[in-house]
Amino acid sequence: MSEPTQSAVGLARDGEGAGSPIGAPPVVAYLRVLAQKDLEEQDWPIAEGETTVGRDAECNLWLKAKSLSRCHASFLVEGGGHFLKDLGSRNRTYRKDVPLRPHSYYELTNGCELILADIQCQYFIGELPE
């Protein structure tokens, strides 16, 4: 049986309490999906290590958006650095309006603007802003 994903175990979202389930790596960042089309604004916790995002329920962050690839991108938090990699997605991944080259890691900074396919997001290191 596979490990539960972050969305399946009900990690804390904005205003819902502590960040990670018992035994899970600590939450060190958040991906804020901005309100748009059929999506409400939502904050997703990012833990140390690798976190995948896509429309497949096997991804750590599962977003029901047809524009996303099944496994669209991967966040990596390692050695104090925060990175994003496009996993060869059909509709691409952007950092500050610049498309990412597939399968290459790009460094993220606090408040960095991201676009996953057509989904606008913002990446926050540490705590969420008020």
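Note: hydrogens, waters and symmetry copies are ignored here, and every other heavy atom, side chains too, is used.
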(message) Test of understanding: clusters of I, L, V, M, F, W, Y form through side-chain heavy atoms closer than 4.5 Å, transitively. Do Val53 and Val28 belong to the same one?
(response) yes
(request) Is it possible for you to say whether Leu39 and Leu34 belong to one hydrophobic cluster, with membership spreading through side-chain heavy-atom contacts below 4.5 Å? (result) no
(message) Between Gln36 (side chain only) and Gln120 (backbone N and O only), is there a donor and an acceptor less than 3.5 Å apart?
(response) yes
(request) Give, for atom NZ of Lys96 and atom OG1 of Thr109, the distance between the pair rounded to the nearest 0.5 Å. (result) 4.0 Å
(request) Using atom types as modelled and distance alone, determine if a side-chain donor or acceptor of Glu48 lies under 3.5 Å from a backbone N or O of Val77. (result) no
(message) One pair to check against side chain to side chain contact (heavy atoms under 4.5 Å, CB included): Leu31 and Leu116. What are the steps and the verdict?
(response) CA-CA 11 Å; Leu31 178 68; Leu116 306 174; 4.2 Å; yes
(request) Without swapping roles, check the side chain of Arg90 against the backbone of Ala117 for a donor-acceptor pair under 3.5 Å. (result) no
(message) Starting from Leu87 and following side-chain heavy-atom contacts under 4.5 Å between hydrophobic residues (I, L, V, M, F, W, Y), which residues can be reached?
(response) none
(message) Tell me the closest heavy-atom pair linking Pro99 and Arg92, and the distance in Å.
(response) CB-NH2, 3.4 Å
(request) Report whether Tyr94 and Leu63 are members of the same hydrophobic cluster (ILVMFWY, side-chain heavy atoms less than 4.5 Å apart, transitive linking). (result) no
(request) Check whether any side-chain N or O of Asn110 sits under 3.5 Å from a backbone N or O of Ile125 as a donor-acceptor pair, and report yes or no. (result) yes
(message) Among residues at least two apart in sequence or on other chains, which ones pass side chain to side chain donor-acceptor pair (under 3.5 Å) with Lys37?
(response) Asp118
(request) For Pro45 and Leu61, work out which heavy atoms get closest and say how close. (result) O-CD2, 4.0 Å
(request) Could you tell me the separation between the SG atom of Cys121 and the CZ atom of Arg32, rounded to the nearest 0.5 Å? (result) 11.0 Å
(request) Kindly give the heavy-atom pair with the smallest separation between Ser74 and Glu50, and that separation in Å. (result) OG-OE2, 2.6 Å
(message) Quick test of your reading: applying ring-ring contact (aromatic ring centres under 6.0 Å, His included), list the pairs with at least one residue in residues 95-130, sequence neighbours left out, ordered by first then second residue.
(response) Phe75-Tyr123, His82-Tyr123
(request) Check Ala73 against Leu84 and note the closest heavy-atom contact, atom names and distance. (result) CB-CD1, 3.9 Å
(request) Give a yes or no on whether the backbone of Tyr30 and the side-chain of Asp43 come within a donor-acceptor separation of less than 3.5 Å. (result) no
(message) Between Asn60 and Thr52 (side chain of the first, backbone of the second, donor and acceptor by atom type, cut-off under 3.5 Å), is there such a pair?
(response) yes
(request) Take Leu108 and Arg95, measure what side chain to side chain contact (heavy atoms under 4.5 Å, CB included) needs, and give me the verdict at the end. (result) CA-CA 8 Å; Leu108 299 175; Arg95 181 185 65 170; 4.1 Å; yes
(message) Which heavy atom of Ala47 sits nearest to which heavy atom of Pro25, and what is that distance?
(response) CB-O, 3.8 Å
(message) With side chain to side chain contact (heavy atoms under 4.5 Å, CB included) as the criterion, how do Ile115 and Asp97 come out once you've worked through the C-alpha distance, each side chain's angles and the decisive distance to 0.1 Å?
(response) CA-CA 7 Å; Ile115 302 173; Asp97 295 326; 3.7 Å; yes
(request) Please confirm whether the backbone N or O of Gly88 pairs with a side-chain atom of His72, one donor and one acceptor, at under 3.5 Å? (result) no
